[in-house]
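Below, read A as the first sequence line, B as the second, and so on, with proteins coming before strands; counting in each chain starts at 1. These numbers come from the heavy atoms of this one structure, side chains and all, not from hydrogens, waters or symmetry mates.
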Amino acid sequence: MRVIRHQVAGEEVRVHFPEAEEDLDGFDRFLAQGDQYLGLDTETSGLDVFTAGHELRLLQVGNATDAWVLRIDRFRGAAIKALEQPRNFVAHNAPYDALVIDRHLGVPVEQLMPKIWDTKILAHIVDPRGKDEGGIGLDLKTLCAVHVDPDAPDTQNDLTAVFNSLGWKKVSGWSRIAIDHHAYVLYAGLDAILVHRLLQVLQGVLSESAELSKFEHKLQYLLTLLQRKGMPLDIPYVQRLLIELHNENVEYCDLAADLGVDNVDSPAQVGNRLIDMGETLTERTPSGQLKVDRSVLLQLADLDRDWKRIGAREPNPVADAVIRAKRAGKWAKTYAQAFLDHRDPSDRLHPTINSLQARTARMSVSRPPLQQLPSSDWRIRRAFIPDPGHVMIAADYMAVEMRVLAAVSGDLTMQNAIRQGLDLHSFTAERVFGPDFTSKDRKIAKSIGFGKVYGGGADGISRQTGADVESVRHALQAYDQVFPGIRRYSFSLIQRAQRGAREVVTPIGRRLPLDEDRLYAATNYVVQSTSRDLLAKAILNLFEAGFDKYLFLPVHDELIGQAPVGEAVDVVREIGEVMESTFQGVRIASSAAVVGSSWGSGYGAPEQLPAEMPIRKERRERPGQWFQDGLDI
DNA sequence: CCAGGCAGCCAC
DNA sequence: AAACGTGGCTGCCTGG
């Protein structure tokens with residue numbers, strides 16, 4: 001039995017590390033003290049819970065003064081027994097530990113997670129900002145430094161230093177360090193003590209924001225179940241795709257090298273070579289470097305945003321080779337290779353779903369980033385296939401951000417247009433430009449709508465659409481007259497923030513801090529956050545209705561899933577019905593559809609289904625990419 | 001050698 | 001008066 005003593009907030013704490021079976025008597029006595037909740041943490045070999053070599057090494061439980069660090073190789077039974085108690089736990093980022101415990105100890109997510117409070121959720125409700133946004137940050141270390149003890153050790157970074165001193169890299173250290181290494185055991189135990197103390201400080205949130213807190217914990221639990229389920233991959237296809245993308249990358253890298261650019265990933269090199277060739281580069285990055293991003297290179301290569309020839313100039317061969325090489329390289333590594341690296345032994349992918357990530361509470365998906373797969377080309381999404389006998393399905397909210405804007409702003413003109421089922425952008429164009437509006441007018445109207453959601457101004461809209469600033473300015477004024485409620489609403493949010501706290505409160509009661517110099521973002525925050533909450537509520541409702549078995553993944557305003565071939569048409573209809581809601585009098589319409597034999601089928605991949613399966617997937621309007629609808633100038 | 005800033009690109 | 005929102009990830013480059 002080893003006991004390590006340490007100080008936390010001026011108080012002695014003890015980390016108990018049992019070595020022999022008889023040492024567990026003390027652990028039993030510790031549990032018998034009957035703490036209302038226990039801090040919970042695990043130490044593992046790495047982050048990919050579902051990959052073949054993943055290992056659970058330590059499990060830690062603790063209260064404010066004592067932690068018990070259990071070696072799983074010796075005390076697996078004691079660990080399981082502790083977790084199966086009728087007792088609450090507190091963890092920081094509970095889904096990770098719950099999935100680890102589910103996989104390695106057989107205590108299912110369904111049994112453990114409803115008993116866990118997550119300090120990451122509570123901290124996000126208090127202040128969702130990261131460190132670089134002027135907030136505290138959401139990692140255990142910085143939260144504890146603020147709320148528990150300014151001298152609380154940075155266990156992750158300190159251990160990284162230990163790994164480095166032993167000659168290992170950060171990633172491999174977690175599996176290589178001796179299981180009884182002093183610093184490793186100490187830090188493992190301290191995290192359980194720290195998270196316990198952190199809840200003591202943050203537990204006021206559980207009562208002050210009881211509803212919101214419950215909502216977020218439930219959502220997090222359900223999304224953890226989806227993460228455990230994972231998505232099937234078509235591995236032979238991914239392997240072919242990887243080779244295809246690799247070859248594409250090599251081909252264009254060689255071409256670029258022949259033309260004098262050794263490294264296509266070096267913006268400086270690319271920029272200098274283009275200058276040498278006589279091109280004029282006008283744009284600069286914030287730090288003053290020559291800007292050679294995609295839009296600059298596409299223009300030089302005489303390509304539009306869909307990579308089609310414009311015919312306005314002779315394409316610059318360097319620019320052309322560089323963008324093609326970079327795109328193929330990015331797709332190969334970020335997507336195809338990542339799919340192979342992160343898959344489990346039965347060829348499923350379990351991306352990390354963070355149910356509460358952005359300042360606006362938007363969710364994120366990482367390892368790999370499945371919310372950011374290319375949508376202009378089907379080849380990457382084609383990698384995802386349903387289980388045998390199923391088809392992929394998708395259900396999304398139609399222009400949800402515009403609907404939310406109409407609702408929260410109370411603008412009756414926009415609400416009526418939505419109620420009548422009109423095409424909002426055409427309606428706007430007609431009111432702004434008159435009954436004889438052109439398709440170019442409609443595009444401007446659409447851009448202004450999205451500009452309103454994002455807080456964009458005339459310059460931005462002009463830059464992205466190619467329309468001249470003066471006419472955009474004029475259209476913006478007309479827009480404000482057509483929808484006076486929207487302008488009033490934005491104005492009132494800013495005024496409130498100027499008079500009172502620099503924050504905005506969303507309809508669900510979430511307080512979102514505003515940046516002093518970007519108060520105009522308030523409207524976007526409310527709209528984006530509320531759109532997220534609507535999808536979150538839909539996920540809860542779908543589980544309630546038993547439809548979770550059809551779900552794979554949320555993608556901001558959309559749910560990806562699968563359904564048995566014979567029932568798919570009925571399933572998508574019913575999912576669509578559950579998702580539909582009315583928010584402050586505005587209908588939040590959804591569009592659910594059978595996608596096909598792979599996720600790529602919705603994006604143009606060749607279909608491999610029997611012809612009698614009806615498939616309908618319209619191209620969606622994607623607000624964040626309004627520039628893709630740029631005018632042809 | 002590595003962390004972190006910057007640039008860039010992917011999405012909604 | 002004007003104000004383009006939220007993420008994840010990779011590679012280059014620099015400073016410690």
Side-chain angles (χ1 to χ4, degrees), chain A residues 128-130 132-133 157 160-161 163-165 167-171 263-271 283-298 322-323 326-327 329-335 337-338 351-352 354 357-377 380-381 396-397 399-401 447-448 450-464 469 473 476 490 494 512 514-515 517-529 531-532 535 554-558 620-628:
Chain A
R129 292 172 299 178
D132 46 0
E133 297 176 296
N157 276 344
T160 303
F163 299 159
N164 290 340
S165 75
W168 308 323
K169 291 190 184 176
K170 185 175 173 176
V171 180
N263 186 348
V264 298
D265 287 318
S266 168
Q269 223 182 92
V270 173
E283 288 187 84
R284 299 254 167 191
T285 68
S287 67
Q289 304 298 308
L290 289 172
K291 191 162 192 155
V292 281
D293 66 6
R294 196 181 64 152
S295 73
V296 170
L297 294 179
L298 280 174
V322 168
I323 33 174
K326 285 180 72 170
R327 186 165 88 150
K330 160 128 183 140
W331 288 12
K333 289 183 188 70
T334 309
Y335 304 122
Q337 186 61 54
T352 303
N354 188 334
Q357 166 64 32
R359 186 189 305 205
T360 57
R362 260 195 172 191
M363 305 168 203
S364 73
V365 175
S366 57
R367 313 173 61 84
L370 294 201
Q371 289 185 324
Q372 291 111 291
L373 306 183
S375 62
S376 59
D377 183 312
I380 301 294
R381 292 183 197 240
D396 70 334
Y397 281 130
V400 63
E401 290 184 319
S447 298
I448 291 175
F450 293 139
K452 287 287 169 190
V453 170
Y454 291 142
D459 283 350
I461 294 169
S462 157
R463 207 174 25 246
Q464 301 299 346
V469 184
R473 211 162 270 151
L476 272 170
S490 302
I494 293 171
L512 307 179
L514 297 168
D515 298 337
D517 54 340
R518 292 165 59 245
L519 295 182
Y520 62 85
T523 306
N524 169 260
Y525 284 9
V526 173
V527 169
Q528 186 179 110
S529 191
S531 300
R532 175 274 187 191
L535 189 75
V555 188
H556 298 311
D557 62 354
E558 180 180 24
R620 329 163 352 92
E621 299 199 340
R622 286 155 301 152
Q625 303 203 337
W626 42 298
F627 55 84
Q628 288 200 350

Asks: Hey, does the side chain of Lys330(A) come within less than 4.0 Å of dG11(C)'s phosphate (OP1/OP2), counting only N and O?
Replies: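 No, no such contact exists.
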Asks: Expressed in angstrom and rounded to an integer, what is the separation of Tyr335(A) atom OH from dC9(C) atom C1'?
Replies: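 From Tyr335(A) OH to dC9(C) C1': 8 Å.
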Asks: Base, sugar-phosphate alone, or nothing: which one does Asn354(A) contact when heavy atoms must sit under 4.0 Å apart?
Replies: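 No contact at all - Asn354(A) keeps every heavy atom at 4.0 Å or more from the nucleic acid.
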Asks: At less than 4.0 Å, is any side-chain N or O atom of Tyr397(A) found next to OP1 or OP2 of dC12(B)? Yes or no.
Replies: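 No, Tyr397(A) has no side-chain N/O under 4.0 Å of OP1/OP2 on dC12(B).
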Asks: Are Ser375(A) and dA11(B) close enough that a side-chain N or O sits under 4.0 Å from OP1 or OP2?
Replies: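 For dA11(B), OP1/OP2 do have a side-chain N/O of Ser375(A) under 4.0 Å.
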Asks: Which listed nucleotide (dT10(C), dG5(C), dG7(C)) is nearest to the side chain of Tyr525(A)?
Replies: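 Of the options given, the side chain of Tyr525(A) lies nearest dG5(C).
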Asks: Shorter than 3.5 Å, N or O on both sides, protein versus nucleotides 2-4 of chain B: list them out with atom names.
Replies:
none

Asks: When you measure from the side chain of Ser376(A), which nucleotide among dG7(C), dG8(B), dA11(B) comes out closest?
Replies: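 The nucleotide sitting nearest to the side chain is dA11(B).
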Asks: Quick check on dG8(C): is either OP1 or OP2 less than 4.0 Å from any side-chain nitrogen or oxygen of Ser364(A)?
Replies: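 Answer is yes, contact under 4.0 Å.
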Asks: For the side chain of Arg362(A) and the base of dC12(B), is some donor closer than 3.5 Å to an acceptor across the two?
Replies: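 In this structure, the two groups form a donor-acceptor pair.
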Asks: Choose from dC13(C), dC12(B), dC10(B) the nucleotide whose nearest atom is closest to any side-chain atom of Arg294(A).
Replies: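 Among the listed nucleotides, the one closest to the side chain of Arg294(A) is dC10(B).
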Asks: Could you write out DNA chain C as a dot-bracket string, with dots for unpaired bases, | for bases paired across to another strand, and Watson-Crick or G-U pairs counted at under 3.5 Å?
Replies: ....||||||||||||
Asks: On the nucleotide dG5(C), are OP1 or OP2 found under 4.0 Å from the side-chain N or O atoms that Arg518(A) carries?
Replies: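 So the side-chain polar atoms of Arg518(A) do come within 4.0 Å of the phosphate oxygens OP1 or OP2 of dG5(C), strictly under.
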Asks: Between the base of dG7(C) and the side chain of Gln372(A), is one N or O donor paired with an acceptor at under 3.5 angstrom?
Replies: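 Under the 3.5 Å cut-off, the side chain and the base do form a donor-acceptor pair.
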Asks: So which nucleotide from dG8(B), dT10(C), dG7(C) ends up closest to the side chain of Glu133(A)?
Replies: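 That would be dG7(C).
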Asks: So, taking the atom named CG in Asn524(A) and the one named NZ in Lys452(A), what distance separates them when rounded to the nearest 0.5 Å?
Replies: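 Result: 13.0 Å between the selected atoms.
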Asks: In whole Å, what is the span from the CD atom of Glu401(A) to the P atom of dT6(C)?
Replies: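 The answer, rounded to whole Å, is 12 Å.
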Asks: So Asn263(A), base contact, sugar-phosphate only, or nothing? Heavy-atom distance under 4.0 Å.
Replies: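 Result for Asn263(A) = sugar-phosphate.
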Asks: Asp515(A) CG to dA2(C) P: how many Å, rounded?
Replies: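 The answer, rounded to whole Å, is 21 Å.
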Asks: In whole Å, I'd like the distance from the NZ atom of Lys333(A) to the C1' atom of dG8(C).
Replies: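 Interatomic distance, NZ of Lys333(A) to C1' of dG8(C): 17 Å.
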Asks: With a 4.5 Å cut-off on side-chain heavy atoms, are Ile461(A) and Phe450(A) touching?
Replies: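 Result no, sub-4.5 Å side-chain heavy-atom pair not found.
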Asks: Write down the distance separating the C1' atoms in dC4(C) and dC12(B), rounded off to the nearest Å.
Replies: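 Straight-line distance between the two C1' atoms is 14 Å.
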Asks: Just to confirm, is there a sub-4.0 Å distance from OP1 or OP2 of dG8(C) to any side-chain nitrogen or oxygen of Gln357(A)?
Replies: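 Indeed, a polar side-chain atom of Gln357(A) lies that close.
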Asks: Between the base of dG5(C) and the side chain of Gln528(A), is one N or O donor paired with an acceptor at under 3.5 angstrom?
Replies: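 When only heavy-atom distances are counted, Gln528(A) does reach the base of dG5(C) through a donor-acceptor pair under 3.5 Å.
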Asks: Rounded to whole angstroms, how far apart are CZ on Phe450(A) and P on dG5(C)?
Replies: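 Answer to the nearest Å: 16 Å.
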Asks: Applying a 4.0 Å non-hydrogen cut-off, can you work out what Ala338(A) is touching in the nucleic acid: base, sugar-phosphate, or nothing?
Replies: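 Here Ala338(A) touches no strand at all.
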Asks: Considering only dC9(B), dA11(B), dG8(C), which nucleotide approaches the side chain of Asp293(A) most closely?
Replies: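 Of the candidates, dC9(B) comes closest.
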